[in-house]
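Notes follow the structure.
Just so we're on the same page: letters track the sequence lines, and every chain starts at 1.
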There are 2 protein chains.
Amino acid sequence: MAANSRLTIATHVLTWLALAQRRGQEVLTSDQVAASVNTNPVIIRRSLGDLRRAGLVEVRHGAGAGWSLARTPEEITLLQVYDAVGAEPPFGLHRTEPNLECPVGRGIRPALSEAYGRVERVIRRELADTSIADMLRETLMS
Amino acid sequence: MAANSRLTIATHVLTWLALAQRRGQEVLTSDQVAASVNTNPVIIRRSLGDLRRAGLVEVRHGAGAGWSLARTPEEITLLQVYDAVGAEPPFGLHRTEPNLECPVGRGIRPALSEAYGRVERVIRRELADTSIADMLRETLMS
DNA sequence: CGCAGCTGTAACAGAAAATGTTACGACAAG
DNA sequence: CTTGTCGTAACATTTTCTGTTACAGCTGCG
C-alpha cells in the first residue's frame, strides 16, 4: 500500500460528517468518527485539525463538543482536501545532489521539475472535479 | 521529499545513456552512471534491472561490459519508465479495514478507488507525452 | 463554581519502505 | 584462465507514517 493514506482518511471523515449532517446529527466526536474509520481517535483529531486549519470543518469545545462541516458537501472538493492534508507530491527528486560536473547531473533536476509540475497540474485539475457530495452519493450506492 | 525517487533515478540513468549514445560511447558501466547520479552502483544496477526487464535497456556481460538503450530516446516515454520501476500509486486506501457496520465504512473504498483511478489515468496520459529525448533536450538547455 | 466530556498536542513506540553498503558468485571477452 | 562487470543476497541506516498513552485546556451544565 502507498505510504500516504491521509487523503483517504480525511475524505472518509468528511463523507461521514456529511452523512451525519443530512441525518440531522449536528456534531460528531472524534471517537464516533474513529469507530467508522476503525482507527485511533488521535489519528482522527490530527486529520480534523488539518481540515479545520483549511476552513473545511468547525469544532465545538466543552461538554457536548464535536465536529461539523463548515460548508456544504457540494462546496468541498477533493483538491481542497488534498491541499489541507499537505500530502507529498507523487514523485521526489534525487535524495542526494547529483554530480554537477556531469551535464546530465547539472540539468536533470530542472527538467524533471518541469515534467513533474505538469503531472501535478493534471492531478489538481482532476481532484477539483470531485466533491464530498459526489463521494457521499457514490458511497451510498454500494 | 517524497518516498519515491525511483522514477527520478531511472529517468536520470536513461537520459545519461541517451547522451552517451549520441556522443558515440557505446556502453556505460553502472559505476560510470553512479558517478553522475552520485549514489552507490548497486542502486543503479537495481534500477537498470527494472529497465532491462521492461525492455528499455540492454546489458552486455563479461569484460568490457556495460549498458545501452534498447530503443531510440524518442521511443521511450516517462510512462514506460513509470511502469518499469513499479512505483506505488500516489494515494493509498485505508491501512486497516474500515468498520463495515457503518454505511460510509462499507461504501467509501469503492468510491475512493473510482476517484483515484481517474487520477491515475490522467497521470498516465501526461507521462506518456514526455520522452527521454524531450528530457535530454530540456536537460542540456540549462 | 466545579464537574464532566471532549479537544489539542506532545512524546514515544512500532512498522514499513526506501536507500545505502558490503560481499560474492556468475558470466563473457580477450 | 584472467579480468572486469553484472546480478543479487544480506544487512544497516534512514525516513515516514501510524498507533498509543498521557495530560493540559476549554466550555456547557448543574
From [atom1] of [X] over to [atom2] of [N], roughly how many Å is that when rounded to an integer?
X        : N       : atom1 : atom2 : answer
Ile9(B)  : dA18(C) : CD1   : C1'   : 11 Å
Leu7(A)  : dC17(D) : CG    : C1'   : 15 Å
Glu97(B) : dG19(D) : CD    : P     : 14 Å
Arg95(B) : dG19(D) : CZ    : P     : 7 Å
Glu58(B) : dC27(C) : CD    : C1'   : 17 Å
Arg53(B) : dC6(D)  : CZ    : P     : 15 Å
Asp50(A) : dT7(C)  : CG    : P     : 16 Å
Gln32(A) : dG5(C)  : CD    : P     : 14 Å

message = Is there a path of hydrophobic side-chain contacts, each under 4.5 Å between heavy atoms, that joins Leu48(A) and Val27(A)?
response =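 Different hydrophobic clusters.
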Do the side-chain N or O atoms of [X] get closer than 4.0 angstrom to the phosphate oxygens (OP1, OP2) of [N]?
X        : N       : value
Thr96(B) : dT18(D) : no
Thr29(B) : dG4(D)  : no
Arg52(B) : dG7(D)  : yes

Residues that, via side-chain heavy atoms closer than 4.5 angstrom, fall in one hydrophobic cluster with Val42(B) = none
request  = Encode nucleotides 20-30 of chain D as B, S and - characters from 5' to 3', where the letter depends on protein heavy atoms closer than 4.0 Å: B to the base, S only to sugar-phosphate, - to neither.
outcome  = BBB---BBB--
request  = If the plane angle is over 60° it's perpendicular, under 30° parallel, otherwise tilted; pick one for Tyr116(A) and Phe91(A).
outcome  =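 If you compare the ring of Tyr116(A) with that of Phe91(A), the planes turn out tilted.
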query = Should Thr77(B) and Leu127(B) count as side-chain neighbours, where that means a heavy-atom distance under 4.5 Å?
reply = no
key: Beyond-backbone contact of Pro90(A) with Asn4(B), side-chain heavy atoms, under 4.5 angstrom   =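 A side-chain contact under 4.5 Å is absent here.
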query = With Ser131(A), which residues qualify under side-chain hydrogen bond (donor to acceptor under 3.5 Å, both in side chains), at least two apart?
reply =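 Asp134(A).
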inquiry  = Please tell me whether Ser30(B) and Arg45(B) have a donor and an acceptor in their side chains that are separated by less than 3.5 angstrom.
reply    =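 A pair is found: one side chain offers a donor N or O, the other an acceptor, under 3.5 Å apart.
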